Structures are given as structure tokens and as C-alpha cells.
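To start, the structure itself, in C-alpha cells.
When reading the values below, keep in mind they use all heavy atoms of this one structure, side chains included, and skip hydrogens, waters and symmetry mates. Since we're looking at a predicted model, the values are computed, not measured. Chain naming here is simple, since letters A, B, ... match the order of the sequence lines and numbering starts at 1 in each.
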Amino acid sequence: MSGTTFTSPFAANSNPFGNDGARSESGGTPSAELLNVIEEDENDTITSPTTPSFGFSNPSNSGFHGPFGGDGTFDPLPPAMRTPPNPDSYPAQYNFGRRTSVSAESLKPVADNNDNWTPPSYPKTQEQLGRLKKAIEGNFLFSHLDDEQNAQILGALQEKPIPAKDIKVITQGDAGDYFYIVEKGSFDVYVNPSGALQAGPEGMGNRVGTIQAGGSFGELALMYNAPRAATVVSADSGCTLWALDRVTFRRILMESTFARRRLYESFLEEVPLLSSLTPYERSKIADALETLKFPAGHTIIQQGDIGQSFFLLESGEADAYIDNKPQSVRHYRKGDFFGELALLNDAPRAASVVSTTEVKVATLGKRAFARLLGPVEGIMRRTKYVGVKSGVEDMDPLHAS
Amino acid sequence: MAATVAKPGPVPDVGQEHDLRPVANMEAGGVSQGNAGQRILPQHQRLKLTDFALVRTLGTGTFARVCLVRPAVGSEEEREKVFALKILRKAEVIKLKQIDHVRDERQILTDVAGYPFITELITTFSDYDSLYMLLDYIPGGELFSYLRRHRRFPEEWAQFYAAEIVLVLEFLHEKQGGVAYRDLKPENLLLDSQGHVKLVDFGFAKRLGSRDDRPVETYTLCGTPEYLAPEVIQNKGHTTAVDWWALGILIYEFLTGYPPFWHQNPIEIYKQIIEKPVIFPAEPPISPSAQHIIRSFCTVDRSRRLGNISGGSQQVKSHPFFQGVDWDALLRKQIRPPIQPNVRFPGDAQCFDIYPEDDGKREPYTEEMASQYDKLFEKF
């Protein structure tokens with residue numbers, strides 16, 4: 001019932017113990033049910049489940065209540081705990097204590113530091129890359145990455161052979177710096193209710209699960225340094241892991257985001273229609289630009305359509321055509337832009353623009369622009385456009401330069 | 001050291017609060033109300049820990065402890081004064097890689113000194129293994145304590161506190177040239193003796209600044225799990241927009257008593273923040289305008305997030321949730337706060353919870369650390 005709907009749409013990675021019996025809903029008051037139903041609806045609209053099962057098993061399905069809530073990969077909490085709090089009775093499980101702030105190492109983009117940094121890259125076979133891609137594709141820390149970021153992250157994963165059984169990969173209570181994906185073998189997960197590994201034979205606590213090839217653990221370490229929520233031990237000899245540390249992960253994301261931002265801002269500087277924007281305003285627009293990728297031969301804008309958004313060509317090439325004539329009337333390269341008059345009026349597109357190669361475009365709609373900076377007319381009123389004799393309306397509707 | 005502090009425009013009326021405000025320059029014994037430019041002590045008048053007598057601990061954090069202190073020297077009148085002293089252990093600051101944050105905290109607090117809804121940094125000093133920030137003492141305690149005690153606030157109360165916070169964010173974002181606070185939560189809001197908000201703990205505050213005349217976003221993940229904005233979690237580079245997101249979470253918590261996204265496992269919180277809409281309980285009923293402002297702040301798309309969109313804080317102020325707020329009177333602290341803290345005398349600490357006192361155990365600050373890092377703390 002409702003419980004299943006609330007499991008993360010991110011599939012197995014987030015909840016390796018997902019297919020367990022704890023799913024049977026723990027009852028609750030009518031209003032709690034009601035909320036769950038609401039959740040169910042919401043859930044349907046948000047995402048579709050992605051990754052297939054990784055073959056997790058859950059031998060001791062005994063309510064482990066992650067005492068430190070450290071590593072998200074282990075989430076065998078009953079689904080009721082993931083629902084919004086019961087509105088009538090105060091949420092019983094919510095910790096009403098003071099909440100501790102968290103912080104990662106402060107990182108600055110290379111461009112600010114003048115030091116050289118390229119992400120590490122460790123060779124992998126196509127099969128390995130395919131498996132790794134699959135292992136992270138449903139994970140919320142990776143799901144929003146673009147292809148280049150993904151490729152860099154996959155490249156930076158480092159192979160860690162775990163030759164023997166009973167080797168502790170992570171230890172409950174210890175500082176966490178690495179995220180792991182299982183390539184080969186299986187690993188047992190133990191939780192000591194005290195919150196940390198204790199001395200003695202029972203010191204690891206209860207076994208709460210097993211992670212097999214394709215599974216992963218330790219993702220919270222990619223965000224900041226928090227105590228590990230469980231101890232993970234190799235269950236076979238000859239296991240292999242892939243490891244990624246937080247600083248590498250965060251730097252890869254930061255450098256590429258930073259570079260793309262600066263690229264967008266410099267592109268935007270070239271658009272005459274937007275020449276009067278302050279750097280702050282350009283940065284806001286750059287923030288809101290959406291990246292789209294199209295294959296060669298894709299019609300990006302269609303002549304006669306009412307324009308809703310403008311486009312910056314981030315990579316690849318495109319051509320403009322009028323009236324279906326085979327002759328290109330304009331050729332676009334990286335850094336060129338088109339369709340910007342859509343920001344200004346509802347006139348139909350004067351030409352079609354078709355990609356000649358695979359292209360990446362950054363795009364922004366008229367409404368998003370207006371929300372951020374107000375109507376374009378207002379922006380233009382403060383510009384030299386006002387005095388330009390020909391006026392914007394007479395400009396080539398595809399290219400204002 | 002930045003000795004001059006620009007006084008934020010409209011000069012707030014602080015008269016009513018005068019008797020509780022610390023004297024800016026203790027050594028001189030003079031009152032420097034309205035003379036914000038002189039509030040940082042010159043180098044040769046640097047204080048030391050033994051100039052103060054510890055009264056008790058007011059709060060503890062990962063690498064800092066805040067204590068109520070009195071001057072240990074000076075005239076009887078001098079020694080009646082009270083301050084909050086924030087003590088940071090250098091070794092812990094280094095270990096937790098918070099050097100930049102501590103330096104930013106000091107600088108930003110210096111820059112914003114005098115704003116009516118922000119705790120005031122009087123001076124800083126240091127000794128071999130610790131850094132000290134001398135702050136005015138805010139006797140009303142944490143808004144957190146009142147919220148938990150009342151379980152939740154009526155909407156008028158939430159409106160009052162949220163409105164004072166809007167003024168703070170407007171000041172930081174728009175009048176201070178892009179300072180992001182980055183750790184908004186009830187734990188970081190104190191009440192002064194009359195019950196007005198004081199924002200404290202600028203440990204994550206960041207001046208976004210500019211490079212080549214462009215504002216620069218920042219990338220360091222920091223904040224409190226339940227209050228993190230999606231772009232922080234996803235490492236997309238973030239701006240002052242994170243504070244508006246957090247204000248939405250805060251208003252929700254005021255009205256219901258708990259944040260909209262919570263779980264024992266932080267990873268589950270983060271998934272909810274990114275994927276789930278804010279859902280309101282049936283009980284207590286949340287008014288449509290409150291629901292609307294919360295959803296407008298807690299909008300993943302920053303080009304749609306209230307506060308970050310065209311109009312900035314002005315648009316926030318004109319939202320129906322704030323209908324009836326006299327913003328000018330609010331800034332002058334002329335609106336009577338919903339809670340009047342029970343403060344019996346200036347150094348009364350009964351509004352604060354009791355914490356164990358410092359046990360003296362700490363990571364040693366070694367010679368090597370001193371030679372490597374002390375230069376980074378030289379402004380203290």
C-alpha cells in the first residue's frame with residue numbers, strides 16, 4: 001500500500017533493502033493514511049523508477065534505525081518514517097533537538113586559484129564503464145549531471161581490490177571521505193546500536209544487509225564529512241570496489257559548472273539585445289539558462305512558429321533556412337545566438353534553424369526572463385537601442401548583430 | 001582590519017534597548033552609540049581572556065563555545081557589563097577545514113555591525129591556541145527554545161518573525177552587496193530583551209563578491225540538512241537565493257513545529273528536498289497565503305523562487321502573507337513582539353539552556369600548526 005509508493009524513485013541505490021517486508025504499512029491514524037494517499041499522487045507525477053534491482057538481499061530485516069543517519073545508501077527504515085509527520089499526534093520520530101550544521105571543505109574554482117587541476121582518470125573497459133554508469137544513474141547526487149561531468153566522474157572512480165574476506169571497508173562512527181561502488185563480490189553491512197564500532201567480537205553489531213555487485217554505499221561522504229552510519233565488511237575473498245572521494249567529486253562538478261557559467265556570461269555579453277544588462281543580471285540569466293542537446297538535423301526553431309525562447313549555441317553548428325529553400329541563409333557556430341527577438345515580441349520566427357552537427361544549446365524562455373529581470377522592454381529602454389535609427393524590429397529576427 | 005563600518009541607512013532607533021547594549025569601547029569606558037566607526041579596538045588595546053570572568057556557557061558547537069562573560073577588571077560599573085564571548089579552538093578550526101569560514105565570519109560581522117537585527121561584534125582577539133569574538137549579549141535566548149516550548153506559532157507570530165528576517169536578508173543581500181547567510185534556522189535566531197530577532201552565528205556567511213566585475217557564485221556545501229537548498233545539495237553553485245529557500249522552510253517550521261523535509265537519515269532528507277513538493281498537514285490549518293509564500297520560497301527553479309526573482313525583497317514584502325506589516329515601524333523596532341522574554345536583569349541567562357562547562361580537553365595546537373596557520377588568524 002502507500003508504503004511502497006514512498007520508496008525513493010531512485011531505486012536500488014537509495015534503498016538496497018528495498019524489497020523487504022517492512023514495507024507493510026504500520027497502520028496509523030486516518031489522517032496519516034490520508035497524507036500517504038496525497039504522497040502517492042505526488043509520487044506518480046514526479047519521476048519514474050529508474051534502475052533495475054541490483055540483487056540486494058536482506059537477511060535480517062530487523063528495524064535498523066540508522067542512529068547517526070550517516071550513509072544514505074542504507075535505508076531500511078520502515079516507509080512510515082519517510083512520510084510527512086502525522087499531523088495530529090506530533091511526529092513521534094522527529095528529533096526535536098538542536099540541529100547541527102554541516103560543512104564541506106571550502107573549495108574555490110581553479111580560475112580563482114591559478115593552480116592547475118585536472119580530474120584524475122583511471123582507465124576502464126567499456127563493460128566496466130557501462131556497469132558503473134548503471135550503478136550511479138538513479139542516484140540523486142549524479143542524476144542531474146551532464147554527459148561531460150558524468151564521463152569525468154566515471155573516469156575518476158578508482159579501482160580498489162579487496163583481496164580477502166572480512167576486511168572492513170568503512171567503519172561505523174569513523175569520518176567518511178569515500179563513496180564506493182561494488183564491482184565484484186559482496187559486502188555485509190553491520191550496525192552497532194551505539195552508533196560506533198565497539199571492541200570485541202560483537203563490536204560491529206547486527207548485520208542489516210548485504211550489498212552485491214552493482215550496489216553502492218557511502219554516498220553521504222560525497223557531500224560532507226559525517227560519521228559513517230554502518231560498518232561494511234567484505235563477505236567474499238577477491239572483491240573489487242570502485243572508490244570516489246569527496247574533494248574529487250565536488251571539484252569536478254564545481255569546475256565544470258563554473259566554466260559553463262563563465263561561458264554563458266561571456267556569450268550573453270555578445271547579445272546586443274542584452275547589452276545593457278549589469279554583470280549581476282547576466283549572472284542571473286546564466287543561472288537560469290537551460291542546456292539542451294540535439295542530434296544533427298534537428299529543427300531547433302521552426303519558421304512561422306511563435307517564438308518563446310532564445311538560444312545560445314554552446315557547441316556544434318547550425319544553419320538557418322527560409323521557406324524550405326535548401327540554401328542556408330546563415331551559419332551558426334559556437335557562441336552564436338538566435339531567436340532572441342522572442343524575448344521581445346510574439347512575432348513568428350522568420351526562419352528555421354536546423355542543427356548541422358550534434359549541438360548543445362543554452363536556452364531561456366521569455367517568461368523566465370521576465371520573472372528574473374522584468375520585461376525586456378524595460379531593459380531596452382535603458383539602452384542605446386532607443387536611439388538606434390533602424391530599431392530592433394527591423395533587425396534580422398534571427399540574429400541581431 | 002576594517003576599522004570603519006558603514007552605517008546602514010535608515011539609522012535604527014535603538015534608544016529603548018540602550019541599557020542592554022554593550023559599550024563599544026570598553027577600555028575607554030565611553031559610550032559610542034551612533035559611532036559605529038570606532039567599535040573595533042585598535043591593536044595596542046587588544047584584550048586577553050583574563051580580562052573577562054566566565055559566568056556560564058550559553059551554547060556549544062562543533063568547534064566553538066559561546067559563554068556569558070563579565071569584564072574582570074575596571075570600575076564596578078565596568079564589571080556590571082555583560083558580553084557573549086565566542087571561543088574557537090584553532091586546532092579544531094583547522095581540523096574541520098573552517099579557516100576560511102572563520103575569517104569570513106569575522107569580516108562580515110565587522111561589516112554589518114550596527115544593524116538592529118544582527119548580533120554585534122565588538123572586537124576580536126586571540127591567544128596561542130584560541131580565537132575570541134566578543135559579541136553583545138542577547139538575553140532572550142533562542143527562538144528555537146520558544147518554538148519547541150510552544151510546539152508551533154500562530155500565524156501572526158510567524159509573520160512577525162519572518163518579517164524581521166526579511167529585513168535582515170534584504171540588508172545582507174541587497175544593501176551589503178550580496179552577503180549570503182547560509183544557515184538560517186530557529187537555533188540561530190535569538191531574541192533581545194524586548195523579543196526582537198537577532199541573527200547570530202555568521203560562521204557560514206559569505207560575501208559573494210565579484211571577479212572581473214561579475215558576481216561570483218559559491219560552491220562550498222554548508223548549512224543544516226533540513227534547511228539546505230536543492231542547488232547546494234546538487235553542487236550547482238549557489239547564491240543568496242539559498243536564504244530565501246531556507247526562509248520558506250523556517251516559516252513552515254514556525255507554523256507546524258517541524259520542517260517540511262525530515263528523516264533520521266540525512267540522505268533521505270536530501271532526496272526529498274530535490275524531488276518532493278512541500279506538503280502541508282491537515283492540522284494545524286495553514287492559511288492559503290502562508291502556503292503560497294512557503295511554496296514560492298521553496299521552489300527548486302531559482303528563476304521562479306520568490307526573493308530571487310525580479311523585485312527581490314520588495315516582492316517578498318508585498319506578498320499577501322505579510323499583509324498589514326508596517327515595514328518602516330518594524331525596522332525601528334516599533335512593532336511589539338509576540339513574545340516578551342523573561343529577562344530580569346541585563347546579565348540574566350535564564351532564557352538559555354544549561355550546557356556542560358568546558359572540561360579543558362582539547363586537541364593540542366602544536367608548534368607546527370602555529371607556524372603554518374597562525375598567519376591566517378592574524379586579524380584576530
Could you please spell out the steps behind the side-chain contact (heavy atoms from CB on, under 4.5 Å) verdict for B:Lys276 and B:Phe261? CA-CA 9 Å; B:Lys276 299 284 175 194; B:Phe261 307 113; 4.0 Å; yes
Let me know if A:Arg367 has heavy atoms under 4.5 Å from chain B in its side chain, its backbone, both or neither. neither
Once you measure the plane-to-plane angle for A:Tyr224 and B:Tyr270, does it fall in the parallel (<30°), tilted (30-60°) or perpendicular (>60°) bin? perpendicular
Choice from B:Ile269, B:Thr220, B:Asp353, B:Asp201 maximising heavy atom contacts with chain A below 4.5 Å: B:Thr220
Option in B:Gln234, B:Lys236, B:Lys97, B:Arg182 with maximal non-hydrogen atom pairs under 4.5 Å from chain A: B:Gln234
So if I apply the side-chain contact (heavy atoms from CB on, under 4.5 Å) rule between A:Leu253 and each of A:Leu107, A:Leu222, A:Thr248, A:Ile153, which one comes out positive? A:Ile153
For A:Ala175, which atoms come within 4.5 Å of any heavy atom of chain B: side chain, backbone, both, or neither? neither
What part of B:Ser145 gets closer than 4.5 Å to chain A, counting heavy atoms only: side chain, backbone, both or neither? side chain
Selection from B:Thr224, B:Leu221, B:Ile309 maximising heavy-atom pairs under 4.5 Å formed with chain A: B:Leu221
With chain B, which of A:Arg98, A:Arg250, A:Arg261 has the greatest number of heavy-atom pairs at distances under 4.5 Å? A:Arg98
I want to know whether B:Tyr258 and A:Phe96 have ring centres closer than 6.0 Å. no
Does NE2 belonging to B:His292 count more than 12 external heavy atoms closer than 6.0 Å? no
Any idea which of B:Glu231, B:Gln315, B:Arg305, B:Gln98 has the most non-hydrogen atom pairs under 4.5 angstrom with chain A? B:Gln98
Centres of the A:Phe142 and A:Phe249 rings: under 6.0 Å? yes
Does any heavy atom of chain A fall under 4.5 Å from the side chain of B:Ile99, the backbone, both, or neither of them? neither
Winner by heavy-atom pair count (cut-off under 4.5 Å) against chain A, out of B:Asp301, B:Asp100, B:Leu228: B:Asp100
Test of ring centre spacing under 6.0 Å for B:Trp245 and B:Phe297: no
At a 4.5 Å cut-off on heavy atoms, which part of A:Leu141 comes close to chain B: side chain, backbone, both, or neither? side chain
For the residue pair B:Glu174 and B:Ser313, confirm or rule out a side-chain donor-acceptor distance under 3.5 Å. yes
Side chain, backbone, both or neither of B:Phe144 within contact of chain A (heavy atoms, under 4.5 Å): side chain
